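Throughout, protein chains are lettered first and strands after them, A, B, ... in sequence-line order, and every chain is numbered starting at 1. Just so it is clear, the values below take in all heavy atoms, side chains as well, and ignore hydrogens, waters and symmetry mates. The shown structure was predicted, so the numbers you read here are calculated from the model rather than taken from an experiment.
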Amino acid sequence: MRERVVLSAADVLPAPREVLAAVGMSLASGDARADRAVRAAIERLAVEAHPEGVFEEVPAGSFAGIYGGEGRNENDTPIARILPRAERLAIFAVTLGEGVSRAIRSLFDATDFAVGALLDAAASEAAERAAAAVERRFEAALAADGALGPATLLMRYSPGYCGWDLTGQRALFAALAPGECGITLRESCLMEPLKSISGVIVSGPAEIHDIEANFEFCPECVTQTCRERVRLARSAAPREG
Amino acid sequence: MDILNDIAARLEAGEDEEVGALTEKALAEKLPPKEILDRGLIAGMNAVGEKFRAHEIFLPDVLMAAKAMYAGLDRLKPHLEREGVPSAGKVVLGTVQGDLHDIGKNLVAIMLRGAGYEVIDLGHDVPPARFIQAAKDTGAKVIGMSTLLTTTMPVMRKVVEMLRAEGLAGDVRTIIGGAPVSADYAREIGADAYSYDGAHAVERVKSLMAEV
């Protein structure tokens, strides 16, 4: 199963309060200038974002090879524990397109730093929404396949996080070949365009994602959002009782 | 209000057009460009940095103030160059190889420029050798490195090691920053300084410049 997912900018636009929250502000602060700047950033995102992505289902055995990558993952990782109990897996990549990165650069070049930074934050939120949209398509495909149980939960994991070394991108890209969406990999394993996300979507019983965040590398993690993501996904999953 | 205080106050409020106009007015009144820079623009930017560190204002406020600072600096630059006013020093700056997060680095660049430094911004995903080469090419005395990812922290160590291997560690100082790094990590890899935000980076760079 492989599907290309083309979205509209409207599908992924974040709300002003979400963008401001990403830079530590709230609309309640009543800063009219910040409000104008965030709205300008979102308007620009609506013009420049051309979100699209692709996912491809892979058997667990194949994914183990992809995940192994270049042998640089941490010894014990959440994904390594989750994989044996995963039911279905899809590797994916999504992007907002190069226009967003160009717009951020041009705003900074024009010394419009606030709108540039807010566009950057808005684009990061939008890329997450695009990844979530691809996840929903995979979920719909599984549903059509009769592969969703009442306690099934889908979660996304990406190279560079949770002990999955960034060099894992190379094996992921070799398997997925997302060139049809215009996404390529730099030598340093960063994606072009910059506002892109790649990884694996894991479908299985919800409890397989319930792993304590007490791995060796957890204290150094800058996001610290994994438990919250699982909690939110569980609360949003309508199939669970 | 004294025109320089007015420039600083307008800059703090992020009023870029007013800062540009007041800078022109100050020049027309024959105030020394260096004084306009120090007591107007840099004073305003320092106040912004302090408020940001005290959590009294937020990132967009700092960036709007920075835009105002650039509006004044654009008018001032030809006069500073004509009078041979030197920059406070050169700093090579970049987000390390494997990392694309450069908003924090950009903020440091803005604050350093606001404090009178010449910044050679190498962008993001910068390989270790490029930091060294840029310092050699420009005569910069400080290399600043930023990262948001734990996986790219070792690149900072590599830059420090390369500087040592080339015998440049005494002439070129290093400063690191970014969410996953710390003063302890800076010490561990032999970097000369650590900074937790843009305003703090200016203070630390000032100290490093004084050492070389």
Side-chain angles (χ1 to χ4, degrees), chain A residues 19-26 29 31 33-38 40-41 72-74 101 104-105 107-121 124 159-169 186-196 217-224, chain B residues 13-16 19-20 52 55-74 95-107 109-111 113-114 121 123-128 130 147-155 178-182 184-185 198:
Chain A
V19 180
L20 289 174
V23 296
M25 284 185 84
S26 73
S29 65
D31 187 333
R33 289 179 311 145
D35 186 38
R36 278 198 300 276
V38 74
R72 295 190 192 179
N73 295 341
E74 298 287 342
S101 300
I104 294 168
R105 280 195 301 273
L107 284 163
F108 270 90
D109 289 345
T111 73
D112 210 344
F113 308 121
V115 179
L118 289 166
L119 176 57
D120 187 274
S124 295
Y161 298 90
C162 296
W164 188 358
D165 195 82
L166 192 62
T167 55
Q169 290 275 43
R186 290 187 193 177
E187 200 183 325
S188 59
C189 293
L190 292 183
M191 288 177 280
E192 296 266 20
L194 291 175
K195 291 300 177 185
S196 302
F217 44 83
C218 289
E220 292 172 357
C221 178
V222 292
T223 56
Q224 303 277 354
Chain B
E15 296 171 358
D16 54 302
V19 169
F52 183 59
H55 306 292
E56 291 172 21
I57 57 173
F58 298 96
L59 181 63
D61 302 307
V62 177
L63 296 173
M64 282 184 260
K67 183 179 184 182
M69 191 271 293
Y70 274 62
L73 209 53
D74 278 351
T95 302
V96 299
Q97 188 170 43
D99 198 343
L100 55 82
H101 300 92
D102 60 1
I103 290 297
K105 181 266 297 169
N106 289 343
L107 184 60
I110 289 164
M111 297 296 276
R113 286 188 179 120
D121 187 346
H124 56 254
D125 196 16
V126 181
R130 207 162 148 234
T147 188
L148 188 74
L149 303 174
T150 53
T151 47
T152 53
M153 286 162 63
V155 180
V181 303
S182 62
D184 283 342
Y185 185 70

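With a 4.5 angstrom heavy-atom cutoff, B:Leu107 does not touch chain A via any of its atoms. Only the side chain of A:Leu190 has a heavy atom closer than 4.5 Å to any heavy atom of chain B. Neither the backbone nor the side chain of B:Ala68 comes within less than 4.5 Å of any heavy atom in chain A. Looking at A:Arg186, only its side chain comes within 4.5 Å of chain B, counting heavy atoms on both sides. Of the two parts of B:Ile103, only the side chain, counted from C-beta on, holds a non-hydrogen atom closer than 4.5 Å to a non-hydrogen atom of chain A. Contacts of A:Phe217 with chain B are absent, with no heavy-atom separation under 4.5 Å from either backbone or side chain.
A heavy-atom distance below 4.5 Å is found between the side chains of A:Leu119 and A:Leu107. The side-chain heavy atoms of B:Ile57 and B:Met64, taken from C-beta on, include no pair separated by under 4.5 Å.
For the pair A:Phe113 and B:Ala66, the tightest heavy-atom approach, listed with the atom from each and the gap, is CD1-CB, 3.7 Å. Minimum interatomic distance between B:Asn106 and B:Asp121 (heavy atoms only, all atoms of both residues): OD1-OD2, 3.8 Å.
For A:Asp165, the side-chain hydrogen bond (donor to acceptor under 3.5 Å, both in side chains) partners two or more places apart in sequence, or in a different chain, are A:Thr167. Here A:Ser188 pairs with B:Asp125 under the side-chain hydrogen bond (donor to acceptor under 3.5 Å, both in side chains) rule; sequence neighbours left out.
Among B:Leu100, B:Asp74, B:Val62, the residue with the largest count of heavy-atom pairs under 4.5 Å with chain A is B:Leu100. The candidate with the highest count of non-hydrogen atom pairs below 4.5 Å against chain A, out of B:Met153, B:Lys67, B:Gln97, B:His124, is B:Lys67. Of the listed residues (A:Leu118, A:Asp120, A:Leu166, A:Ile104), the one with the most heavy-atom contacts under 4.5 Å to chain B is A:Asp120.
For B:Glu56, the CD atom counts as densely surrounded, since its 6.0 Å shell holds more than 12 non-hydrogen atoms of other residues, nucleotides or ligands.
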